Each structure stands twice: as structure tokens, then as C-alpha cells.
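Okay, so here's the structure we're looking at.
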2 protein chains.
Amino acid sequence: MDVDIGNALASVASPGISREALDRLDERVGQAHERIETGRENHEHGYAALNLPERTDPDEIRRAVDPVADAEALITIGIGGSALGAATIVDALEGDTEMVFLDNVDPEWVTSRLESVPLAETAINVVSKSGTTAETLANFLVVRDAFEAAGVDWTERTIVTTGEAGPLSDLAERHDLPKLRVPDGVPGRFSALSPVGMVAAAVAGHDLEALLEGARTEAESLSGSLFECPAYAYGATTYALDGRGAGINAMIPYAESLETYAEWFAQLWAESLGKDDLGQTPVRALGVTDQHSQLQLYRAGPRDKLVTFVAPRERSDRAIPDTEVEELAYLGDSTLGELLEAEFEATEASLAAAGRPNVRVELETVDEYELGGLLYGMEASCVLAGELYSVNAFNQPAVEWAKNATRGLLGGGEFAEADAVAEKTTLRVER
Amino acid sequence: MDVDIGNALASVASPGISREALDRLDERVGQAHERIETGRENHEHGYAALNLPERTDPDEIRRAVDPVADAEALITIGIGGSALGAATIVDALEGDTEMVFLDNVDPEWVTSRLESVPLAETAINVVSKSGTTAETLANFLVVRDAFEAAGVDWTERTIVTTGEAGPLSDLAERHDLPKLRVPDGVPGRFSALSPVGMVAAAVAGHDLEALLEGARTEAESLSGSLFECPAYAYGATTYALDGRGAGINAMIPYAESLETYAEWFAQLWAESLGKDDLGQTPVRALGVTDQHSQLQLYRAGPRDKLVTFVAPRERSDRAIPDTEVEELAYLGDSTLGELLEAEFEATEASLAAAGRPNVRVELETVDEYELGGLLYGMEASCVLAGELYSVNAFNQPAVEWAKNATRGLLGGGEFAEADAVAEKTTLRVER
């Protein structure tokens, strides 16, 4: 990825960062880079994620999915980081395999999703590091049951990605299922470039080597200066802008195929940096659609936002047919791609003209290579931001409370948190 | 809708509002209600939206869609308020008609969406108040051309919803197409309960009367006190919390079918209130999925957020099959619905326990009647908030700049804004 932070400078925007402040910040980037390199060398928890491009073995993934390589559909059962990386990759790239992601436990929706695919031609990809994630295991039990009810042998069609031990690992052993490992030291939201994110891509026949190669190229650009490294330029700019009042980061891809990427980014940013009362709030949006929804606020609301655009330089196009209507004749001389591109540049300029900070992330096009670079680049940006904030970007302690309460409410043990649920303060207004 | 603001009280949360402050705010709610009632009586711009439940004629909408009532698929071409209300309704309710919304101009995506439906069995619903919206008209030209190329007479299968005059209105006259009016005085984001939002629902065979009846029941609850009116309770609480530091409003439905509703809400909130450097930033999320993505930030990040839950009290359910794995046995005694409900209550309590403000919006279930109430209730909340902020909730002046720039860039006239695009400040970092 290439990054243009010109519209985040104080000469353009408020909040914005001055060139002098950027230079000072660059010294801290240099120190953070040292820390990151040490973490990578020692394969420390979290930092290890930045070593995935060299460590992930595409052949191993392809061997695991070989038994279901001709599946018409794939049901991936996972939630959070066990689903979003995989979904981002297959949604960004064109493939023929129908992809279903069960990342919620809404009963009607699970049923309708199950009914939307031909089970006898469908493979199952179940992903949980601990092997005990309640939503994932509940859905897996439901899916397994549905396969059995339809007379389809799920053991012939299931791939498991999990940690070294746990119920899912045991189950894979018992039924001799292809089993892939969630790599050690890699939190879920940083695992897109491991089997967690790449099994679905392998089933769809995407080029895993190109994904990893793009990530490797991005990794090679990591250096001690934000002015030489797009990932660090992005991470440092967001950190600087947050400190100057832009507590919100609106991620706006100008490509429908990157809509899920914005969701992936939102998890990466929120769960990694949202701690100790710190962290930007990611907002996911989509160009051009959200120009007709959010742009009014972004241009004229509180000065608490950084807008990040992600746009490919090349895309396939489609001509807009001529029209007899004079008022619309200008459209007939254009293509949909030119319209999209003009809207993008206009929106970017519109924010700059109003002094609202924004950053442009450019890809050559949306393919495996560029996508690998984007995912790796944003992960490295996030790790750098974690260093600058001095937070641990690799844990998520605040989600434990609700997990315990849920388990307690369902009779899965004694948890004080479950008792607190009953003590809710109410002030009800009914119609 | 029913609203519970207990977890937004200062006794629970920080930021939060004290009971005393709520009582004082209620006086301003009374005054705002007077203003709103006057606006409704005089059918003033914007306020007129709150009269739609009495004014929209479901028979007229059904007559217009009658020629395509048996269509297998419907392509709705519109953007922003011309698409989101319709999408919210059909996504929330179960229907057999395949629904495609062309609310973006991404060339590859438009092509793949067009190829996903059988054109000979597909109807077209084109929506633009002005009849000149660039994205909508460009897509309409593309779709019309695709129908012609496939030998399908689009004039037999197209419904137009537009303002009194303009190119779309002329086109409808010329080809004798069924034409519905975007009602006067109703901004797009407030038009879900007009033909703009209800044509797609009519094609899907949903109960239009029940939608309007639910909205009427909500309208009857509007009163001079937030303690007696759920819509005002919500609008006043969000306003009060924003003033106390919660500049972000995360909307989290606990029902997949309401995912699009969160998008609709995000436009309503952002475009109506995001002006004069004011306005909460809406964030759309989804329970339980985003517990594994955003909850860490919401519970432990900056105290700048109000979380709004929307949950139905009743839903159809699905049992979780028993499992031989002891660690997961508790799941086998439950249903997916119970798991979802436990996760919801646990997440709500988890935020309250961390002193993070949240509001619960309850529906009886997700059906036409309750949905009509929800949409109307949130619109009334938003209008009230506009009064409290003293902003004009019914315009969106900040989007004009980019529209002019786009038009200029595409050769549709001379616009100074287009020249500004070329003057972009750059600070590029390339890999």
C-alpha cells in the first residue's frame, strides 16, 4: 500500500499535525520500530503476527482443503478474528465457491443461511483457537446436526483450525479431520495471513502465494522512519491525530469488494488499541454510498474525526450508456469507474476544503498481492500505534466479563458476573 | 418501541445524566414538542415526515407495483435515503422476492449484481427525488441498457418514484410507467414510510397497513414529556449524553434482520444532526458478532460513547444439539435464542458494570407493526434532538460541495470546486 498523509497536515486540516511535529514523532517511530523488530526476532506474543508471511505454509493449507476442493459452498464457523480475516479475503477477490460465514447465533438467520446451500456439496470450516468459543461451538453443533439430518457425512467435509489442545482439537483427532493450527503468539485479529484467514481462500482457489508475497513486500518496507514506511506513516498519523482530537477514524474503501475489509480493520483497531481509556473509535463506511449518508457529518460535524480512504488505482470498468436527457448527457460520456473516481476525489477534496483531516491509502488494484500488502500494512500500523500509545495491542481483557456472565446465565458454572445482570437499573418509558 | 434509559443515568454511568437534570431537560422537551406539533400541523418541511403514517396510501403503492407483483427479483436503484429505508424494511422481514439494491457505482459490483438475477423475471424500482442524482441515473442507464441487451422490455417492468418534475418524471410520462411521488416536505432519510421506502415492501408482499399502523401507534405516544414518550426519551437521552461527552452513538441490534436498520439509523442521525460542528457520530454494529470486535473498546476505551441496543422480546428459536464434550455440555441444554439473549444481557451489564452508558430499545418482535414503530420512533427522536441542538435537522448543505466537484470533474459544467481537487496537498509515503 501507498499512503498519502498530505491532507492530515496542520497546513490543511484542524486537527492536523505540523511537519515539525511529524519530525519529532519520527524519532519515537524509530524507537518503536526497534521494539517491534526485537519482538519479531524473539517471536514474542503478538509481534509474532508480523512474521506470518514467512511462516505460513500455503502447501499445508492446500493439503488440508484438498478433500473439499470441489465444494460448491463453504460454511465458515467462527466469530471475530476467526471469521473477519477469511471473510475479508474471499469478499475482496472474485471466486466461484459460495461463502457462508456463521459469525452470529441469531436462530432464524442461522437456519436461513443453512437452507441457502446444498449441504451435500458444502464443506465446513470451523475456527476457534480455544475450541470452546460459545457462539462458534453452538453453531458447529447445529451445523453438524443439520448435516446428519440431511444424511450427509460431515466428517468427510469438515476442516478444523484450532489451538494445540481443546475440544475442537480432540474432535478432529477422533474423527480424523484435517486439522490446521492457529499459530502460537498470534491474536485472532492478527491471524488473517495464517490458516485462520486462508482456508476459505484456499477452497475458493485464490493464489495464497501472492497473498503472502504481497505481505512480505510490505514487511520489507518496515523501517525506522515513517517517511519511508507506508504502514508506519499511517499508524503514526492516526496516533498523532487522535492526540489532537480526532478520536474517530472513519475507514472508507472506494470499492465494494473491500466493504468487509473495513469491518476487519474496525476489529483490528478497536480491540487492539481500545484500552486504558485510550484508542480511536473505528467507523466503517463505504464510498460512494456513504457520501449520501455520512458526509454531511464528516464535513460539518464535530472536528473529532480522521477519514481514511482506501482506493485502488486500477479497476475494470463499465460504460454509462448515452441518454437523450440533456441534463444527464455528461454521464453518457463517462464510465461508472470514472464516476466513482470523480466522487472519490471530490469527497477527499471536499473534506480538505473544510479543513477536515483525511488520509489516502492507495492500492495498485484489488488482487491477492495488493490485499496481502494491505492487511499486513494495517496490522503493522496498528502494532506501531500500540507502541506509541504504550498499550498492549495484543490482549482484550475487557471482553472476559461478558463471556463469564453469559456462561453463568446459561448454567455453565458459577460466575459473579451473572448475578450482576439481574441487578440492572431500569428507567423504562413505554408507549 | 419501548425504551429503558436506566443505564444512562449518572448513578450508573459516566458520562451519565442525573434524574434532576432529566427533569430540567423535560421542560425543554415540552417546548420542543410544541414546536414539532406546530410543524406537523402546518405540514412544514421536515416536520411533514411525521405525518406520513396518516398520509401514505398503501393502495396507491400496491396499484403501482401490480404489473410486477409476480417478479422473482427487484432491482432498487437509489442511494442514501432513496435506498436505505426500503432496504431496512425488506431486510427486516422475510420475503421470497430477491432484492438487489444498486446504491453504489462500483463497475464490477454493478455488473455482478446484474448478473445475479434473471432479467426477464426482474422488476426495476428507480428512486430519485430530483431525478438527476448522478449515481442513480448512471445506474439506471446501465440497467436499462442491460435489459435491452437481454431483449427484455424494461418499460413493462419499471416503477418510478420521484418528485413532481425532472428527468425521471418526464421519462415515466414518456413511457407510461407507474409513477409514485416522493412526498413534499420529506427529506430522503425521513421517507421510509412513504412510497420511497414501501415500493420494495409492496413487491415482496409485506403488510403495508401494519407498517403504517405501527408508526401511527408510535405517533400517538408523542407527548410533552420524555417520561411518557419512548421516542423523546431516546432523543433527549442521546442529546444529554452527547453534551456530557458521549459524542459517539453505537447502534447495536441483537437481530441479524435489523443489520440494515443500523445503517438507516446511521444516515438519519449523521445527516440530520451533523452540522454546525455538532452531532453525535453514529457507529453501526451488530450483536453478538461485534462483541468479538468492538466490545473491548466500548468497555475500556475513551468515555466518549453511548451504546444503544435494539432487541426483540420474541423470536423464533432453534435448539443447540447435545454434545458429548463435557466442557460444552451447558450449550446443549440451551437454544441459539437463549444464547443470543444471554449474550445481550451480559454485554449490557458488562458496560454498566464498567460505568459505560447504554440504552435499551425493545421491540415486541420483528414484524411490520413493530418495525413501523421503530422507524417512526427513531425519526421522532431525531427531530426532537434537532430541536434540542437548535440545528435544522432537515437539510444537508455540506454534501453540495462534493456533488458540484464531481459534476465539474466529469465535464457536466463549470464548477470552482472541481478546480480545488487538482490542488491537493500531498505527502506520499510509498513502499
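As the structure is a prediction and not an experimental result, all values here were calculated from the model. A note on names: the letters A, B, ... follow the listed sequences, proteins ahead of strands, and every chain is numbered from 1.
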Who wins among [options] for the most heavy-atom pairs under 4.5 Å with chain B?
options	result
A:N404, A:L171, A:T217	A:T217
A:L137, A:L295, A:D322, A:V142	A:V142
A:S293, A:G166, A:A346	A:S293

Atom group of [X] that falls short of 4.5 Å from chain A, counting heavy atoms:
X	answer
B:R431	both
B:R174	side chain
B:T133	side chain
B:A422	neither
B:Q280	backbone
B:L339	both
B:L268	neither
B:L22	side chain
B:A352	neither
B:E228	backbone
B:V105	both
B:E220	neither

Less than 4.5 Å apart, side chain to side chain, heavy atoms only: is that true for [X] and [Y]?
X	Y	result
A:T335	B:P107	no
B:R428	A:V3	no
B:L297	A:L273	no
A:D304	B:T281	yes
A:L278	B:P302	no
B:P230	A:E430	no
A:D106	B:L336	no

My understanding is that only residues two or more places apart in sequence, or in another chain, count here; which of them pass ring pair (Phe, Tyr, Trp, His ring centres under 6.0 Å) with A:Y330? none
Let me know if [X] has heavy atoms under 4.5 Å from chain B in its side chain, its backbone, both or neither.
X	value
A:E348	side chain
A:A138	both
A:A319	backbone
A:L331	side chain

Do [X] side-chain atoms and [Y] backbone N/O form a donor-acceptor pair below 3.5 Å?
X	Y	value
A:Q294	B:A266	yes
A:D4	B:L427	yes
B:Q296	A:G274	yes
A:T289	B:D103	yes

Could you have a look at [options] and say which one has the most heavy-atom pairs with chain A under 4.5 angstrom?
options	result
B:G373, B:G279, B:S221	B:G279
B:E338, B:E324, B:E108, B:E135	B:E135
B:G131, B:G377, B:P321	B:P321
B:G80, B:A342, B:S272, B:A398	B:A398

Output yes when A:K424 and B:E345 qualify as a salt bridge under the 4.0 Å nitrogen-oxygen rule, no when they do not. no
If you look only at pairs with a residue in residues 273-285 of chain B, which of them pass as a salt bridge (Lys or Arg N to Asp or Glu O under 4.0 Å), with sequence neighbours excluded? A:D290-B:R284, A:R356-B:D277
In this structure, which one of A:E259, A:E256, A:H292, A:E343 forms a side-chain hydrogen bond (donor to acceptor under 3.5 Å, both in side chains) with B:N104? A:E256
